[in-house]
Amino acid sequence: NLPVGLLALATDGPLGIPVTVWCVGGAAAAVFAFLRWARPGRAILAAGDNPEAARALGIRLWAVRLGAFAILGACAGLAGIAFTARFGKVQNTTGLGFELLAIAAAVLGGAHISGGKGSVLGALLGAALIGILQDARPVWEIHECWQLVAIGSLMVGALFLETVLGRISRSGGRP
């Protein structure tokens with residue numbers, strides 16, 4: 001029996017948009033502002049992009065990584081609350097297999113697999129693309145295993161494109 005207040009998060013809020021969507025939008029705006037204007041946020045980006053340069057600037061990598069994982073844990077908790085509110089139940093296998101979807105959303109949103117590059121808007125757009133693919137599967141009557149193949153193929157394509165574009169930019173425009 002889940003609390004009524006938790007289940008109310010799945011109801012429509014202002015403009016007919018669910019409260020959970022407003023919460024995720026607020027969290028995304030907060031993360032964007034943190035990474036853009038807060039010194040610890042910029043340190044997280046610097047440590048992910050080039051750890052040696054960040055260390056040379058005096059950034060304590062262990063503290064930055066600890067803080068980044070703490071923020072990640074808070075975001076995962078928020079996602080768990082939103083998921084529970086949406087479906088109204090929790091099982092011991094809830095979230096099984098979400099790892100591929102989370103990584104695919106980030107990669108499709110433009111994050112580099114090696115880290116240090118990416119944007120909040122890109123991650124949201126990648127997650128939206130994954131959500132559209134998941135919602136379209138039953139409409140198109142596609143088996144679930146083929147959905148995973150499609151997501152994996154999109155991910156491999158994005159990684160290939162990232163590699164090719166990276167090589168072109170490093171070579172001065174020559175492929």
Side-chain angles (χ1 to χ4, degrees), residues 1-36 38 40-41 44-45 47-48 64-159 162:
N1 295 333
L2 296 172
V4 176
L6 176 66
L7 297 176
L9 292 175
T11 61
D12 287 343
L15 305 174
I17 299 172
V19 175
T20 53
V21 174
W22 286 106
C23 291
V24 169
V31 168
F32 173 78
F34 175 73
L35 292 175
R36 178 79 181 227
I44 288 173
L45 291 177
V64 168
R65 288 184 179 138
L66 181 66
F69 280 117
I71 293 168
L72 177 64
C75 289
L78 178 65
I81 290 170
F83 186 90
T84 303
R86 180 178 176 197
F87 294 107
K89 63 180 179 176
V90 179
Q91 298 174 344
N92 61 349
T93 58
T94 299
L96 191 65
F98 281 10
E99 301 87 1
L100 171 68
L101 300 177
I103 293 169
V107 169
L108 292 175
H112 286 228
I113 197 73
S114 59
K117 302 283 184 197
S119 69
V120 174
L121 180 61
L124 286 174
L125 291 175
L129 177 62
I130 297 295
I132 289 169
L133 287 174
Q134 285 183 314
D135 290 345
R137 182 188 58 80
V139 173
W140 294 337
E141 298 178 1
I142 298 172
H143 194 273
E144 187 176 354
C145 70
W146 290 110
Q147 174 185 342
L148 295 175
V149 169
I151 290 171
S153 299
L154 282 172
M155 209 169 124
V156 168
L159 291 172
E162 173 189 328

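Remember, it's a predicted structure, so these values are computed and weren't measured experimentally. Heavy atoms only: backbone and side chains are in, while hydrogens, waters and symmetry mates are out.
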Verdict with reasoning, Phe32 to Leu121, per side-chain contact (heavy atoms from CB on, under 4.5 Å): CA-CA 8 Å; Phe32 173 78; Leu121 180 61; over 6 Å; no
Where Cys75 and Val31 come nearest, the two heavy atoms and their spacing: SG-CG2, 4.5 Å
Donor-acceptor contact present, side-chain Trp22 to main-chain Gly13, <3.5 Å: no
Heavy-atom pair of closest approach, residues Leu35 and Gly41: CD2-O, 3.6 Å
Value rounded to 0.5 Å, distance of CD in Gln134 from CG in Leu129: 10.5 Å
Step-by-step side-chain contact (heavy atoms from CB on, under 4.5 Å) determination, Thr20 to Arg86: CA-CA 8 Å; Thr20 53; Arg86 180 178 176 197; 5.8 Å; no
Value rounded to 0.5 Å, distance of CG in Leu133 from CG in Leu154: 6.0 Å
Heavy-atom closest contact (Ala104 atom, Ile130 atom, distance): CB-CD1, 4.0 Å
Contacts of type side-chain contact (heavy atoms from CB on, under 4.5 Å), residue Thr94, not counting sequence neighbours: Phe83, Val90, Gln91
Verdict with reasoning, Ile71 to Ile44, per side-chain contact (heavy atoms from CB on, under 4.5 Å): CA-CA 11 Å; Ile71 293 168; Ile44 288 173; 4.1 Å; yes
For the student: nearest non-hydrogen atoms of Leu2 and Gly88, plus distance: CD1-O, 3.2 Å
Qualifying residues under side-chain contact (heavy atoms from CB on, under 4.5 Å), relative to Leu148, sequence neighbours excluded: Leu100
Evaluation steps, side-chain contact (heavy atoms from CB on, under 4.5 Å), between Arg36 and Val120: CA-CA 10 Å; Arg36 178 79 181 227; Val120 174; over 6 Å; no
Within 6.0 Å of CD in Glu144, more than 12 heavy atoms from elsewhere: no
N/O donor-acceptor pair under 3.5 Å between Thr93 side chain and Leu96 backbone: no
Non-hydrogen atoms of Ala85 and Ala10 that approach each other most closely: O-CB, 3.1 Å
Heavy-atom pair of closest approach, residues Leu9 and Ile81: CD1-CG2, 3.8 Å
